[in-house]
Number of protein chains: 2
Amino acid sequence: MRNGSHITLDDIAKKLSVSRVTVSKALRGHSDISVEMTKKVIKTAKELGYSPNIIARSLSSRRSNMIGIVVPKIAHYFFSRVIEGVYDTAFENRYETILTVSQENSEREWKHLQTLVSMRVDGIIISISQETQDLKRFKWIRKMGIPLVFVDRRPEAQLSGFSTVSNNDREGAFQAVEHAIKIGYRKIGFIGGNLHINIGKNRIQGFEDALNEYRIPINHEWILQGGFGKEDGYNGLKHFHQKGSMPEFIFAATYPVALGIYEAAKELGVRIPDDVDIICFGDSDVARFLSPALSAVRQPARELGARAVQILLENINNQKVTKEHHVILPTELVIRGTCAAKKAQSNKIEIHDTPR
Amino acid sequence: MRNGSHITLDDIAKKLSVSRVTVSKALRGHSDISVEMTKKVIKTAKELGYSPNIIARSLSSRRSNMIGIVVPKIAHYFFSRVIEGVYDTAFENRYETILTVSQENSEREWKHLQTLVSMRVDGIIISISQETQDLKRFKWIRKMGIPLVFVDRRPEAQLSGFSTVSNNDREGAFQAVEHAIKIGYRKIGFIGGNLHINIGKNRIQGFEDALNEYRIPINHEWILQGGFGKEDGYNGLKHFHQKGSMPEFIFAATYPVALGIYEAAKELGVRIPDDVDIICFGDSDVARFLSPALSAVRQPARELGARAVQILLENINNQKVTKEHHVILPTELVIRGTCAAKKAQSNKIEIHDTPR
DNA sequence: TTGTAGGCGTTATCAA
DNA sequence: TTGATAACGCCTACAA
């Protein structure tokens with residue numbers, strides 16, 4: 001908002017010697033106004049370079065036509081696709097999207113939520129940070145009467161009154177681990193996630209379910225939880241290596257975790273998939289160009305975002321009937337270079353002598 | 001902006017039997033107000049669950065504390081890093097960022113710019129779409145008195161009154177191609193970009209300068225321009241293949257272009273780097289895990305965004321002295337698997353029989 | 001230290 | 001079909 005040089009409705013009204021209201025209505029194509037008048041108004045608005053003041057409009061109409069979104073990260077394939085879905089869908093529905101990024105920091109997330117409320121967004125979409133445990137903030141939002149939809153990540157704890165859009169995390173993880181078992185792996189580990197967030201909980205659930213179903217004992221030394229980032233994968237593999245106890249196969253809770261594992265493996269001279277094989281939850285556009293090509297549980301990221309917006313808009317427009325929706329989209333197992341077939345020498349590599 | 005249930009300054013004022021102004025000042029820590037009063041106000045504000053209405057504040061103060069940013073793409077390593085830099089820097093300066101995405105579409109970009117102006121953002125950062133040629137929109141913004149800074153992509157045509165932040169595109173391209181020449185390549189091609197955008201112009205300029213400097217004739221059949229996307233790389237390589245005239249080495253104008261080349265190569269059975277070697281402008285976090293590991297001209301993407309915000313804020317706060325800044329950040333050549341050494345058999349592969 | 005008056009640019013309501 | 005008036009919630013300037 002700058003040097004007061006902006007043209008206002010009054011400017012147009014004066015020039016045309018009509019009232020401000022007439023101009024306002026004409027510009028919005030109100031049927032009240034004569035066609036002739038409308039044309040005149042639009043013409044001079046253009047001439048004067050009129051740009052409607054959305055802020056004033058929002059204040060007056062008590063409707064901002066903005067939705068807010070909070071994500072943990074942005075330079076991250078999954079989220080950037082989700083965001084894309086959100087933006088495109090919102091745009092199609094003439095909504096502006098206010099993006100905020102928590103950087104996996106719970107405090108920052110809280111600040112962003114408060115800001116979005118202060119901006120009087122009409123609704124909020126959120127995928128929570130890996131640190132977030134506090135439910136108060138969501139109850140507050142609910143009390144404020146602002147519709148909120150969770151995409152992908154949400155608190156695992158009981159929390160009603162919000163719609164959710166997510167993947168079938170348990171099933172996706174199950175399928176991946178089942179596949180690993182079927183090609184012969186038995187020493188199977190898990191890196192990433194945590195239990196207070198739905199995706200962490202459900203993905204490890206799928207992991208355990210698969211092992212149980214095939215009666216494979218779970219070795220808790222091979223389960224490393226914490227966060228969803230690259231550093232978690234990196235530290236995880238290093239940890240296994242250091243302890244001299246490496247699983248043959250690792251299920252990575254997210255794509256960044258898998259990247260971290262690639263990174264550590266390279267550094268340690270651990271060969272993928274020969275020494276440790278791997279699959280992860282979450283695909284990426286470059287996964288098939290990686291060396292080795294990374295297998296993954298593909299999530300319909302873009303659609304996740306799109307659905308979230310649709311549900312949110314529905315909530316916004318039917319404030320009274322606001323029922324909860326819980327959409328679960330299926331995943332798809334994509335097998336590439338990793339997790340393709342168990343390498344012959346897998347029992348050759350032993351605990352104490354990680355090669356290279 | 002919802003069901004009118006929001007607490008306002010008046011609510012707090014009434015409860016405390018003071019005036020609205022007192023509350024407003026107290027909440028903003030104005031020195032006018034007694035410590036005691038301030039405490040009381042803050043306390044009841046908290047009790048009532050007060051959330052300041054930023055919209056009203058903006059309208060009244062004629063300052064939105066928002067900056068707008070327009071980028072061509074979001075699920076794109078470079079831009080997501082730029083955006084990250086913008087967000088973090090804006091956040092540190094208590095500015096909210098309104099992100100819009102043109103999806104490489106000039107019309108959409110124009111709409112977004114109008115929306116940002118309508119939102120009365122205090123300033124705008126933009127990296128233009130590959131289609132954008134029209135300068136009128138920028139002149140309009142200038143006339144509106146809204147500071148605007150170009151990051152990375154801007155119109156190549158003469159346009160004054162705006163600050164710019166970019167890489168040393170010519171130099172970066174030059175170094176990359178020079179490197180290719182030094183390791184022995186002579187049949188060198190270029191894919192991506194176009195001449196009406198600075199980065200397209202400068203990168204090919206660097207390319208040509210390098211060839212000229214080393215007195216290597218330029219084969220225009222091996223220069224393919226158009227856009228900056230994956231599809232351009234993909235179509236580019238296919239085109240070379242189809243025509244039966246393949247360079248030994250390709251400089252890709254962007255990282256997505258390189259990915260497109262990888263894709264096409266895989267499909268066609270063209271081997272990288274044996275049949276065609278490659279380097280691209282723009283690094284990525286996974287480049288070193290690609291097969292083969294992709295060499296690149298690294299851009300300080302995050303810093304680009306950060307600097308743009310700094311300059312923009314400076315422009316916003318010194319509306320009068322608003323001088324143009326033109327920051328050019330250096331790039332860094334990162335050699336990995338590709339472009340590492342010329343393969344011996346390079347003159348074996350001939351035009352008509354692209355090997356398997 | 002606190003309060004009053006006026007205005008920011010729109011829209012909604014009701015009257016002409 | 002048009003217009004006058006009163007919000008919307010806050011801030012600035014000035015007065016008490």
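We name chains A, B, ... by the order of the sequence lines, and we start the count at 1 in each one.
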Exercise. Going by an N to O cut-off under 4.0 Å, is there a salt bridge joining B:R153 and B:E104?
Worked result: yes

For this session: Please list, chain by chain and in numerical order, all residues satisfying salt bridge (charged side-chain N to carboxylate O under 4.0 Å, His left out) with A:E47, sequence neighbours excluded.
Result: A:K43

Exercise. Residues two or more places apart in sequence or in another chain: which of them pass side chain to side chain donor-acceptor pair (under 3.5 Å) with A:E96?
Worked result: none

Exercise. How close or far is atom C1' of D:dC8 from atom CG of B:L59, stated in whole angstroms?
Worked result: 9 Å

For this session: Starting at atom CG of A:N53, determine the distance to atom C1' of C:dC8, rounded to an integer number of angstrom.
Result: 8 Å

Exercise. If an axis is fit to five pairs at each end of the helix from C:dT1-D:dA16 to C:dA16-D:dT1, what is the angle between the two, to the nearest 10°?
Worked result: 40°

Seminar exercise, completed: Here the distance between atom P of C:dG3 and atom CD1 of B:I33, to the nearest Å, is 8 Å

Exercise. Who passes side chain to side chain donor-acceptor pair (under 3.5 Å) against A:R302, sequence neighbours left out?
Worked result: A:E84, A:D88

Problem set entry | Distance, rounded to the nearest Å, where A:R62 contributes CZ and C:dG9 contributes C1' | 16 Å

Problem set entry | Test: A:E314 and A:K323 ion pair at under 4.0 Å | no

Exercise. Taking protein heavy atoms under 4.0 Å as touching, what does nucleotides 11-16 of chain D look like 5' to 3' if B marks base contact, S marks sugar-phosphate-only contact and - marks none?
Worked result: BB-B--

For this session: May I have the distance from B:R63 (atom CZ) to C:dG9 (atom P), rounded to whole angstrom?
Result: 16 Å

Exercise. Is there a side-chain polar atom (N or O) of A:R120 under 4.0 Å from OP1 or OP2 of D:dG9?
Worked result: no

Exercise. Can you name the ring-ring contact (aromatic ring centres under 6.0 Å, His included) partners of B:F150, sequence neighbours left out?
Worked result: B:F138, B:F162

Exercise. NE2 of A:H6 versus P of C:dG7: gap in Å, rounded?
Worked result: 20 Å

For this session: Not counting sequence neighbours, list each pair that qualifies as a ring pair (Phe, Tyr, Trp, His ring centres under 6.0 Å) and has a residue in residues 32-53 of chain A.
Result: none

Exercise. Starting at CD1 of A:I12 and ending at C1' of C:dT10, how long is that distance when rounded to a whole Å?
Worked result: 12 Å

Exercise. In whole angstroms, how far is the P atom of C:dT11 from the CD1 atom of A:I55?
Worked result: 13 Å

For this session: Scan for salt bridge (Lys or Arg N to Asp or Glu O under 4.0 Å) pairs involving residues 6-18 of chain A, sequence neighbours excluded, and state none if there are none.
Result: A:D10-A:R20

Between side-chain atoms of residues 33-41 of chain A and protein atoms elsewhere (two or more places apart, or another chain), which donor-acceptor pairs fall under 3.5 Å?
{"from": "A:S34", "atom 1": "OG", "to": "A:M37", "atom 2": "N", "distance (Å)": "3.2"}
{"from": "A:T38", "atom 1": "OG1", "to": "A:S34", "atom 2": "O", "distance (Å)": "2.8"}

